[in-house]
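In this text the structure is predicted, and so the values were computed from the model without any measurement. Within every chain, numbering begins at 1; the chains are lettered A, B, ... in the order of the sequence lines, protein sequences first and strands thereafter.
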Amino acid sequence: MSSFAGRMKEYPTISLDRFDRENLHARAYFLSHCHKDHMKGLKGPLLKRKLQFSRTVRLYCSFVTKELLLNNPKYAFWEEYIVALELESPTQISLVDEASGEKEEVVVTLLPAGHCPGSVMFLFEGSKGNVLYTGDFRFAAGDASRIELLHSGSRVKDIQSVYLDSTFYDPRFYQIPTREVCLKGILELVKNWISQSSHHVVWLNCKAAYGYEYLFTNLGDEFNTQIHVNSLSMFKKMPEILSYVTTDRRTQIHACRHPKDDEYFQGNRLPCGCTAADGTPLRIISIKPSTMWFGERTKKTNVIIKTGASSFRACFSFHSSYSEIKDFLSYLQPVNIYPSVIPIGRTLAEVTQLLKLMCRKQSDHSRLIYKPLGVLKRCRVERPTYGNTHKPDRCSCCTCLQVTEEEEEEHEGQGDAKPAKEEVMKEPEEKMEEEGKENCHAPKWEDFFTTEMLTDSQNSQSHSCCSVTSPSRMTGSQTPELFSDEEPPGNDENFSLTLSASLSNHSSQNMDSCLPDTLILAPEQREQGNVRTSMTSQKEVNDGLILQPELDEVSDSQASSDFNIPCTPESKVPQPDELLQLYRKLASGEDCENGKNSCSRVLLVHLGSE
DNA sequence: GCGATCAGCT
DNA sequence: CACAGCTGATCGC
């Protein structure tokens, strides 16, 4: 839970995700996402009164967050004071002191955060430097390198401070299985159950918060069905979610809720009270999405755990793991890092100390020279393709994201199993070669929940790293980049899932034996093999109980080193007229590195002129 | 009656 | 397997 007080040292006249106490005096408000612990004071009468007397104070958020917020009548009074901003579109905002007329300009950019629908990070750029407020976020390793607006040309922007979602910034939470792995486990479990008969139904025991919609859309696609929920109203302007949810109870997958839903479930009832039409009792299992974490060297990472005769927990996390956060921070190398959450059982001092290790060292002048690893890790649009080496079915954006920081000694690590950088980095040519491969370009969580009014341009922008345009609707049976890049540093083993099962001995129906008593999806040690990104067949699941989307090792011949960067093949000496053009662009402040994505579209928000 | 806070629960 | 939020008790205004 966020304990962020609402203000940043660099820009103290704005408030984020807190709206009480000192924050009542802010010149502008920002809401990163629509979870209650980030909305403290937002419906307070004091703030309401302040708005009525102000001509300039506004609340900035994403379009989706605005929609979700206004769906709750308690926040309806905000309607005329909310300014929804497009994602990844730098916007200049005037921070006006209404008493004195004093004004400060700041440019804010919303970056997809992957936490829940509409969730964003805020990047502020102004006279006090660049500051990134992450809100809550889930980034996989390497994701930061794909965000164009965290870069300036080929270099990472100089970030003064990061205000960090440190929920899992604790070595205990070293790894959390990726979304794709967790999703696959859930899909398998649901498939095994609902395929038995139409009376076999699943209850997704989700909490009362946004963030599970990704699960609904993927389940909906996989099983060509809709998910029963209590209300559709919040999604009425979000067709990409709306089409997957229903208030019609005649479906095999439910995510409906009731104050006494656990009691209902114990009595073999769904929260909605749904019963089979012909009187046959429903056969219900509950799946409770829960965060599961594992240590650095832990081999077992069960993503589904059976907790009762018909109850399961499924791994699901809205937040980045320790290793994912470390990857994020080591890429950005901010001067300061401030935690917004203190993990359970930790103190602020402990977390601050741990975070200090991730701050840029004062003696580090690399920013003034080069950022070669940053360049290597980035995926770029419209890069030339060359070379003809055979490469496995992995795309550049899944391989350019390995942790590259010098790892400090971890709590349980001996430092002996860490792969050398050469083993985890790939050469630029390899990345280019692999661009456009379908498997790894299935739309991802971040794309989905942040492209609220999905337009083609927004979609393609969200995949700018891959030169691929997302479909406007998720296709759930996609084969995601399973296991391709999610190995924690130091874990040199490939990853597969084993479905270990002891067959039910208390089934009342023969078909029940299809659902094991103990259903554990776990990675296990396996030999190095060729990549295979397709899902393992049902037969394999039944026969060998092995689910193994596989991960290949980067062979020696594919490995790159920091110093083995080939020249750009089409490079040539620029002609005078080209140089002139380049200089003009530079003089106008335009980013010459890339196309429109890099060029800041600075929109002036004229406050008070509405 | 309303809001803030906390314990308890899931 | 620890996130997010609900309910209910208590207190103050």
Side-chain angles (χ1 to χ4, degrees), chain A residues 1-4 17-21 23-24 31-49 65 68-69 71-72 74-75 113-119 135-138 165-177 179 181-182 185-186 203-215 230-231 234 255-266 271 286-296 298 300-308 311-322 325 340-346 351 520-522:
Chain A
M1 290 284 193
S2 176
S3 58
F4 182 61
D17 289 355
R18 277 296 288 267
F19 308 91
D20 57 353
R21 305 186 181 198
N23 301 298
L24 285 166
L31 178 61
S32 68
H33 65 287
C34 214
H35 278 168
K36 293 276 168 30
D37 57 323
H38 290 253
M39 295 159 63
K40 205 171 184 192
L42 194 59
K43 62 178 188 301
L46 291 174
L47 189 51
K48 190 172 179 178
R49 192 172 309 143
T65 294
L68 298 178
L69 181 69
N71 183 65
N72 185 338
K74 287 175 181 166
Y75 302 101
H115 175 70
C116 71
S119 67
D136 284 352
F137 73 100
R138 174 111 199 237
D165 169 16
S166 46
T167 303
F168 292 134
Y169 195 72
D170 181 318
R172 277 182 299 166
F173 309 115
Y174 193 92
Q175 53 162 326
I176 296 171
R179 284 182 208 291
V181 171
C182 296
I186 295 170
W203 174 45
L204 301 170
N205 184 359
C206 300
K207 296 185 176 79
Y210 297 115
Y212 300 97
E213 294 76 8
Y214 157 80
L215 191 53
N230 287 27
S231 170
M234 59 288 265
C256 44
R257 293 188 302 113
H258 183 278
K260 295 184 175 175
D261 47 24
D262 268 317
E263 272 180 39
Y264 275 48
F265 177 66
Q266 295 307 320
S286 79
I287 302 176
K288 186 172 193 169
S290 324
T291 306
M292 299 178 190
W293 64 86
F294 306 92
E296 180 184 7
T298 305
K300 289 179 78 68
T301 53
N302 307 334
V303 298
I304 303 286
I305 293 175
K306 190 164 191 192
T307 55
S311 308
F312 299 85
R313 283 183 189 277
C315 184
F316 197 89
S317 179
F318 296 151
H319 299 270
S320 281
S321 66
Y322 181 69
I325 296 172
S340 64
V341 181
I342 308 303
I344 305 250
R346 295 285 172 189
V351 180
I520 296 174
L521 301 176

Contacts of type side chain to side chain donor-acceptor pair (under 3.5 Å), residue [X], not counting sequence neighbours:
X	value
A:T291	none
A:T307	none
A:N71	A:S233

Under 4.0 angstrom between A:H115 side-chain N/O and C:dA4 OP1 or OP2: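 A:H115 to C:dA4 OP1/OP2: side-chain N or O found under 4.0 Å.
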Below 4.0 Å: OP1/OP2 of C:dA2 and any side-chain N or O of A:H319: no
Summary of protein contacts for nucleotides 5-13 of chain C, nucleotide by nucleotide, where a base hit scores B, a sugar-phosphate-only hit scores S (4.0 Å, heavy atoms): BS-------
Nucleotide interval of DNA chain B bounded by contacts with chain A (heavy-atom cut-off, under 4.0 Å): B:dT5 to B:dT10
Contacts of A:S321 that satisfy side chain to side chain contact (heavy atoms under 4.5 Å, CB included) - sequence neighbours left out: A:I176, A:S323, A:E324
Side chain to side chain contact (heavy atoms under 4.5 Å, CB included) partners of A:D261, counting only residues at least two apart: A:W203, A:R257, A:H258, A:P271
Residues in salt bridge (Lys or Arg N to Asp or Glu O under 4.0 Å) contact with A:R346, at least two apart in sequence or another chain: A:D170, A:E350
Contacts of A:D20 that satisfy salt bridge (Lys or Arg N to Asp or Glu O under 4.0 Å) - sequence neighbours left out: A:R18
Sugar-phosphate, base or nothing in reach of A:R346, heavy atoms under 4.0 Å: nothing
Touch class at under 4.0 angstrom, heavy-atom based, for A:F265 against every strand present: nothing
Protein-nucleotide distance ([X], atom [atom1]; [N], atom [atom2]), rounded to Å:
X	N	atom1	atom2	value
A:F168	C:dC1	CZ	P	13 Å
A:I342	C:dC3	CD1	C1'	16 Å
A:Y212	C:dA4	OH	P	8 Å

